[in-house]
Amino acid sequence: MVMRGRGRFSRDGGGATISGGRCEQWNLCSVVSDPLALPPQKALEAIGKALKLQYERWQPKAQYKYKLDPTVEEVERFCNIYRSFVKKKRILFHYNGHGVPKPTSDGVMWLLNRSYTQYIRLRVTELDSWLKSPSIYVFDCSAAGNIVNAFIELINASISSGAAKDCILLAACEAHETLPQSAEFPADLFTSCLTTPVQMALRCAASPVCGHVMLRSGRSQLIHVFCFKILTSASKSILSCIAEFTMENLDLNLEGLEPLLCMEMERNAGERHTSFWLCKRSLLHESLDHSLIDNIPGCLSDRKTLLGELNWIFTAVTDTIAWNVLPRDLFQRLFRQDQLVASLFRNFLLAERIMRSANCSPISYPMLPPTHQHHMWDAWDMAAEICLSQLPSLIHDPTAEFQPSPFFPEQLTAFEVWLAHGSEQKKPPEQLAIVLQALFSQCHRFRALELLARFLDMGPWAVDLALSIGNFPTLLKLLPTAAPELQQTLVFIWSKILAHDKVLYEVIHSYRVLSKDIFLLECQSCQVDLVKVGGYTYFIRFLDSLEAFPEQRAMAAFVLAVIVDGHKEGQKACIESGLLDVCLKHLQDSTPNNAQSEPLFLQWLCLCLGKMWEGFTEAQLLGLQAGAAVISSSLLSKPQSEVRAAAVFVLGTFLGVGFNSSTDGGDECDDDEKLKAEITIIRNLLSVVSDGSPLVRAEVAVALARFAFGHNKHLKAVAAMYWKSQPNTGVSTLGSIITSQIGMLRIGGDSTLIIRDGRVSTSNPLATTGIMHGSPLLDDSSQYSDSGASNDSVGNGIMNHVRSRPLDTSVYMDCILSMCTLAKDPSPRIARLGRRVLSIIGIEQVARPIVPSTSNARPSEHITSAAVRLSGLARSSSWFDMNSGHFPLTFRTPPISIPKASYLTRIRRVYSSEFRPHLLNSPALGLADPLGYGGSDANTECSLLPRSNIYNWSYGHFSKPLLKPPDDAEELLAKREAKERSTLDLIVKCQNYSVSKLYNQIASWDTKFENGTKTTLLQPFSPVVIAADEKKHIRVWNYEEPALLNTFDNHEFHDSGISKLCLLNELDDSLLLVASGDGNVRIWKDYMEMGKQKLVTAFSSLPVHGPTICNLNANVDWQQQSGYLFVAGDVPSIKVWDLDKEQLLHSIPSSPDNSISALVASQVHGGQFAAGFADGSVRIFDIRTPEMLVCAAHPHIQRIERVVGIGFQPGLDLGKIVSASQAGDIQFLDIRNHSDAYLTIDAHRGTLTALAVHRHAPIVASASSRQLIKIFSLEGEQLGTIRCHPSFMAQKSGSISCLTFHPYQVLLAAGAANSFVSLYADDNNPIR
């Protein structure tokens, strides 16, 4: 709606005749260049039409009406009509008040009566009551600030009353200012800037007369003009330039400027350039015919023409200024939500620049900071001059070709420079908005996309910044028309955006807050938009393309998984487009040697499949018919834990909940097929219930919960039947799932459901707190203790779900035993999941008091914050890390002797399987918890089921930097190389060391273990000793300080004591492996800081299926160079675990009647280990050979006693070992001579309790129950005897329970049964 006052152009009536500017809208409509040359009515009509046309160019879809010289009644009628027509849309009200009195201080505007004889008041309150909001007002009149001030008072009053108005105001000047009256300016300068900005910017930059007018704006601009003049005349002196400048500007008041000019020139001495936009700067003001500006060839929307290029550059410059100056939320409101509003505010920035030179300060609401001196205007001036230099030739020669401006290439280069040196801590790149504009041009698009991809890869903060500019709609439009060379970059960019968007959505959802003020798009919005424009077809085609790298196709699979995640329309659209067949085809083609079998690709193919039919029964049936279950089952043996977990997720989506609970006779055949498929799926899942990865076991638990939900009644019946059939001995029965482990149990059958006030019992596992007392992994499920279904049919937390067709009883029994296995899992999180699954079938935990810790440490010393969550092992060179952009460090195992190339092999480090994305550290910001309820579906049956976490965890990969190494890669490599050099020096010293005495006690430590010290470990690169008792307590001690560094409990219960400590990745950030007697293995990090220890992973290395827990006398040893963990005990086989894959590699048969009492792995030859048995025999194995068993010997023939210790002799000999039996003899064997030992030492007459063989020095130590430690050389010579004294008070210690050598020094640690640990060195080490 355009309102114009007539009086200014009327030669009669109540109007005022102008004496200043005559041009009204001269930029577009030359017919109005002199309004006085036309009859008044025609002039008004022409001006109104011109203004209407100019607005239509900015927003063609809007409807515009202009009203010339309206009365108050006409304004009211028009406003009411428009508001009723557009309803809640924004209305533009443009008031051109030239020729009428200025607005009053209370905001009163003036209109004419019908006969043009009287001015009529129009109050702001009246106008606002007619137009309401949302609305935008443009006031082009003198003292327009009075209107704005009145409006602001009105808006503030509405905010105070709780009914805020959505009003935007643009005004030509402040309340005390008058519009310029110079004949060289248009009369409506402000309106001209808002509607024809390019022409206005060019005229004011090229007109020499305009420069003199602008000099009136103040002395600062005079100084700038003078500076430019003197800098372009370097041969003249400053004083002569001042005199010349004064003579040229006699019409201006220059009194007192000379000192200022001199000071300015001294400050700018030596510079040859200034940054100002006045005509004196333009190189074209003398040569360019200014009338040509009205005839610039081209179209505003065609960027290949001169006019289109100028408009494009102007848009980029103003957007850049606004984005760098305005707050993010204000930029979004003014420059991204509405096309017309954005155009007006871009042009408003130009109006501020031009009108400030005419002593006018345009104002707005919301108020903008000053932008007229922003340095990006210099870039506009230069680009405009370059473009205008071609104008004469383009007009005179229609065949001349326009040469694009170098503006965008130069700005992209500046952005590239920032990428090389910028970071989150530095100022954001101001060219980011220009990169968005460059995407609109084919010639710049490829480079702009690559630079944008590099920027987004810098982290979520970069994605946040890019989205704040408004890149999303542009990237959406590029999908259907993307050229082949752009596809890979576009897929990468979309994966970054959706990964950040998904994380943000989960964070907001975890707070149960969805604030409309947050600009970033929510996941659902992205899904809808991608489906609406058909973007999913682009990603499906890319996913099926063999030309792209597997990692890039994995990104496409991730994007598709986000599209179908919980979005039924997206699921339908993708299935109709063949996504199911594409995913299955590439999963089926995956072979170990296939280049396309990239683990990340396979992982996301599985996740995409699972999300595509999750909660979509029809799609699940299509997947079963296509063989998805069979194909997914083949992935359960893959070496990557993420692929296995994703395959379990796919299989789990087929179970229980997705099927109808009843069948009709006509569908009996189909139901049989579904039941057969379900049996096959559940048996495949049970095969990985003891997988080494907690990630996999968690998914198995979630899948079993879904199965238990679908077969609830039948599982309860089988559980009750099994419970009744077992003798009540409390041993190996379902009803005695080790009360010391998970408490007493209740078994609920069909008629024994436990209902407490219609809610989930507060005694069920979900509501029990303090499950892991003394562990850093506290149970975080207490936040759900008051959540439950308010339905009287709920039993033990889950609704009864009846199946008409039960499965075989053996299947149900295997499931129940597997649930019990999960319920006793060494990982607290998996154990909680397992107990949750048991509660579904009526096996409910009854909480019992936790056994208090016997440790002397305060609870706060060994219980970390609830923020600690299950995280993964950190390996440096896994496929996941390398493909995510981490620097692939070539780690090497420390050599066992003088370095030789064949022995410096690549190190294996344990793989990371964190449950939660790396960006979210706080528990409050955690993603979907397996124990959490289903958000908005909390009142449904399925909401009580544990939720899968693999999908939420996996997409965190794409939010990490993927294109560059981590910032600390070089530092880590340097530290490792330094450790390697130090290690080599220490090894050489050890190998050449001749020990005469080794009984210098350098330290003694009272561990305060009530049950004595079971095992010790010496840190290789710090003066630290770690000790553990026979129960669960671990202490870390600095023996140089001396000081206790940390104390914590390895597990909760005393039933399975600690048997061995091992150090993983000792040349890097080492991890502490703690093995228990029952075969459970837990790995810790940050264990040397008080209360900071975190459980990295945990698994059962000797899995026992079912509820039984017993001490298996597990013996373990770690082999660093292969990444293998060898485990044996009172079981008929030796387990070889690959911790890099978190997978059982081999199960080697041993002797069913002869348990293994000692185990050691070679640190020289990967895959080789030795075992000592209870009958005194010794066997050496090598998993690299087909037979596995290399040799077997019986060296301890004098007295048949169990082997207490065994070790490989130091050096490069392939198979020399040392074995000690409880009888006291030490045997030296060579595997090349199987029959007899080549050396025998009768070390102790009493009971031999411990043996230690140094890794590099030629010494062996043994201990007896008589508190004696003897040191021998490899030739059998006794080098010394140590009579153990725990302190200098000469108190006798108990029996020596363990001996440990330092790996790279001649230093011995001895642990005794009376809780003391003593350290011994040679005479060269001082006593402490």
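These figures come from a predicted structure and were not determined experimentally.
The residue from Phe408, Phe407, Phe440 that alone fulfils the ring pair (Phe, Tyr, Trp, His ring centres under 6.0 Å) condition with Trp312 is Phe408.
Screening residues 334-357 for ring-ring contact (aromatic ring centres under 6.0 Å, His included), with sequence neighbours left out, gives Phe331-Phe335. Within the structure, the ring-ring contact (aromatic ring centres under 6.0 Å, His included) test picks out the following pairs touching residues 452-471 (sequence neighbours left out): Phe415-Phe455, Trp418-Phe455, Phe455-Trp461. The salt bridge (Lys or Arg N to Asp or Glu O under 4.0 Å) contacts involving residues 409-426 comprise Glu416-Arg447, Glu416-Arg454, where partners must be two or more places apart or lie in separate chains. Sorted by first then second residue, the salt bridge (Lys or Arg N to Asp or Glu O under 4.0 Å) pairs that include residues 190-201, not counting sequence neighbours, number zero. For the salt bridge (Lys or Arg N to Asp or Glu O under 4.0 Å) condition, no pair includes a residue of residues 297-306, sequence neighbours left out.
Between Arg336 and Ile469, some side-chain heavy-atom pair lies under the 4.5 Å cut-off. Taking 4.5 Å as the limit, every side-chain heavy atom of Leu349 sits out of range of all side-chain heavy atoms of His374. Two residues are said to be in side-chain contact when any heavy atoms from C-beta on lie closer than 4.5 Å; Leu340 and Ile136 fail this criterion. Within the 4.5 Å cutoff, the side chain of Leu475 has heavy atoms near those of the Leu439 side chain. Between Trp380 and Phe314 there is a side-chain heavy-atom pair separated by less than 4.5 Å.
Note on Asp381 versus Arg353: salt bridge recorded, some NZ/NE/NH1/NH2 to OD/OE distance being below 4.0 Å. Using a 4.0 Å cut-off between a side-chain N of Lys or Arg and a carboxylate O of Asp or Glu, Lys964 and Asp457 do not qualify as a salt bridge.
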- Task: Could you walk me through whether His375 and Glu430 pass side-chain hydrogen bond (donor to acceptor under 3.5 Å, both in side chains), step by step?
- Result: CA-CA 11 Å; His375 62 270; Glu430 62 183 17; 2.8 Å; yes
- side-chain contact (heavy atoms from CB on, under 4.5 Å) assessment of Gln54 paired with Thr196: CA-CA 7 Å; Gln54 289 161 354; Thr196 56; 3.4 Å; yes
- Message: Under the criterion side-chain hydrogen bond (donor to acceptor under 3.5 Å, both in side chains), I'd like the reasoning laid out for Tyr137 against His94: C-alpha separation, chi angles, the key distance, then a yes or no.
- Response: CA-CA 6 Å; Tyr137 298 88; His94 187 118; over 6 Å; no
- side-chain contact (heavy atoms from CB on, under 4.5 Å) evaluation trace for Thr489 with Ile493: CA-CA 6 Å; Thr489 308; Ile493 289 174; 4.0 Å; yes
- Evaluate side-chain contact (heavy atoms from CB on, under 4.5 Å) for Phe446 paired with Leu486, printing each intermediate quantity in order. CA-CA 6 Å; Phe446 180 75; Leu486 304 180; 3.4 Å; yes
- Query: Between Ile296 and Ile395, does a side-chain contact (heavy atoms from CB on, under 4.5 Å) hold up when you go through it step by step?
  - Reply: CA-CA 8 Å; Ile296 296 178; Ile395 292 179; over 6 Å; no
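Taking both residues in full, the closest heavy atoms of Leu189 and Pro180 are given as CD2-CG, 4.0 Å, listed atom of the first, atom of the second, then distance. Nearest approach of Asn146 to Ala175, heavy atoms of both residues: OD1-CB, 3.1 Å. Pairing each heavy atom of Ala316 with each of Ile434, the nearest pair is O-CG1, 4.1 Å.
Under the 3.5 Å distance criterion, the side-chain polar atoms of Asn347 are matched with a main-chain donor or acceptor of Ser343. A donor-acceptor pair under 3.5 Å is absent between the side-chain atoms of Ser135 and the main chain of Arg90, judged by distance alone. In terms of modelled atom types and a separation under 3.5 Å, the side chain of Ser495 and the main chain of Phe492 share a donor-acceptor contact. Between the Glu177 side chain and the Ser361 main chain, a donor and an acceptor come within less than 3.5 Å of each other. Judged by distance alone, with hydrogens and angles left aside, the side-chain atoms of Asn311 form no donor-acceptor pair with the main-chain N or O of Leu307 at under 3.5 Å. Judged purely by atom type and a 3.5 angstrom limit, Ser441 has no side-chain atom pairing as donor or acceptor with the backbone of Ala438. Of the possible donor and acceptor atoms, none in the side chain of Gln437 sits under 3.5 Å from a partner among the backbone N and O of Ile313. Looking only at distances, no side-chain donor or acceptor of Glu309 sits under 3.5 Å from a matching main-chain atom of Cys387. Between the Thr305 side chain and the Gly308 main chain, a donor and an acceptor come within less than 3.5 Å of each other.
We find the OG-CD1 distance between Ser192 and Ile354 to be 9.5 Å, quoted to the nearest 0.5 Å. To the nearest 0.5 Å, the span separating CE on Met458 from CG on Leu419 amounts to 6.5 Å. For the atom pair CG of Asp140 and OG1 of Thr195, the computed distance is 9.5 Å after rounding to the nearest 0.5 Å. Taking CG of Leu391 as the reference point, atom NE2 of His396 lies at 8.5 Å (rounded to 0.5 Å). Atoms CG and CE, on Asp319 and Met376 in that order, are 10.5 Å from each other to the nearest 0.5 Å. A distance of 11.0 Å separates CG of Leu412 from CD of Glu450, quoted to the nearest 0.5 Å.
Counting heavy atoms of neighbouring residues, nucleotides and ligands inside a 6.0 Å radius, atom CD of Glu56 exceeds 12 of them. Within 6.0 Å of the CD atom in Glu401, the count of heavy atoms belonging to other residues, nucleotides or ligands does not exceed 12.
Cation-pi geometry between Arg328 and Trp323 is met: under 6.0 angstrom from the ring centre, within 45 degrees of the axis.
Residues that satisfy the salt bridge (charged side-chain N to carboxylate O under 4.0 Å, His left out) test with Asp338, not counting sequence neighbours, are absent from this structure.
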